[in-house]
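Structure first, then comments.
Along the sequence shown, residues carry numbers from 1. Since we're looking at a predicted model, the values are computed, not measured.
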Amino acid sequence: MRFLFHPEQKHISLAGVLYALGDPVRLEIVRQLATKGEQCCADFDFAIAKSTMSNHFKILRESGVVWTRKEGTQHINSLRREDLEQLFPGLLDVVLRSAQPLLSQESMLKSR
């Protein structure tokens with residue numbers, strides 16, 4: 001089983017968190033985790049390659065924005081809301097309030 005790196009709270013940096021939240025797909029992942037709670041990677045429906053999605057989750061995990069745990073073959077993700085709130089009070093709430101939902105692949109097909 002491959003080790004999933006998660007930084008300790010003291011190693012989470014503002015620059016790393018802002019970089020992770022600066023991509024529209026990663027921001028949408030965080031927005032959905034904030035509204036729906038923990039989810040597995042397969043629950044996210046974006047019209048991008050699986051390897052690209054894996055990279056987005058790796059960036060979110062290694063920046064300290066999400067926790068990922070393995071259950072069988074699935075990776076279950078949740079926000080590190082408490083850690084982020086302690087380090088950067090109010091940041092996540094401000095970012096999420098201004099985030100506009102991305103259209104899912106299914107929504108894009110319906111709108112055609």
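For N77 against C41, the heavy-atom pair with the smallest separation is ND2-SG, 3.3 Å. The minimum heavy-atom distance between A20 and V65, with the atom names listed, is CB-CG2, 4.1 Å.
Within the model, atoms NE2 of H56 and CZ of F44 stand 12.0 Å from one another, a figure rounded to the nearest 0.5 Å. Separating the CG atom in L91 from the CD atom in E85 is a distance of 8.5 Å, to the nearest 0.5 Å. Note that the CZ atom of R26 and the CG atom of L21 stand 8.5 Å from one another [nearest 0.5 Å]. Remark: D83 CG to Q9 CD distance equals 4.5 Å, nearest 0.5 Å.
Clustering ILVMFWY residues whenever any of their side-chain heavy atoms sit less than 4.5 angstrom apart, transitively, puts L79 in the very cluster that holds L14. Linking Ile, Leu, Val, Met, Phe, Trp and Tyr whenever their side-chain heavy atoms come within less than 4.5 Å leaves L92 and W67 in two separate clusters. Under the 4.5 Å side-chain heavy-atom criterion for grouping Ile, Leu, Val, Met, Phe, Trp and Tyr, L18 is connected to F88 within one hydrophobic cluster. At a threshold of 4.5 Å between side-chain heavy atoms, the hydrophobic network of Ile, Leu, Val, Met, Phe, Trp and Tyr places L87 and L60 in one connected group.
Under the 4.5 Å side-chain criterion, counting only non-hydrogen atoms from C-beta, M53 is in contact with V25. By the 4.5 Å heavy-atom criterion applied to side chains, Y19 and I59 are counted as neighbours. S63 is not listed as a side-chain neighbour of I12, based on a closest heavy-atom distance of 4.5 Å or more. Here the side chains of E62 and H6 are not in contact, with every heavy-atom distance at 4.5 Å or above. Using a 4.5 Å cut-off on side-chain heavy atoms (C-beta onward), R80 and V66 make no contact. Between H75 and F57, the closest side-chain pair of non-hydrogen atoms is not below 4.5 Å. A 4.5 Å side-chain heavy-atom check between D43 and C40 finds at least one atom pair inside the cut-off. Side-chain contact check for I29 versus Q39: every heavy-atom pair is 4.5 Å or farther apart.
Between the side chains of E28 and Q32, at least one donor N or O sits under 3.5 Å from an acceptor N or O.
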Original post:
Is there a salt bridge (Lys or Arg N to Asp or Glu O under 4.0 Å) between E71 and R69 once you walk through the steps?
Top reply: CA-CA 7 Å; E71 279 189 13; R69 73 178 196 289; 2.6 Å; yes
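A salt bridge links R81 and D93; the closest N-O separation between the charged side-chain nitrogens and carboxylate oxygens is under 4.0 Å.
A donor-acceptor pair is defined here as one N or O able to donate and one able to accept, closer than 3.5 Å; such a pair exists between the side chain of T35 and the backbone of R31.
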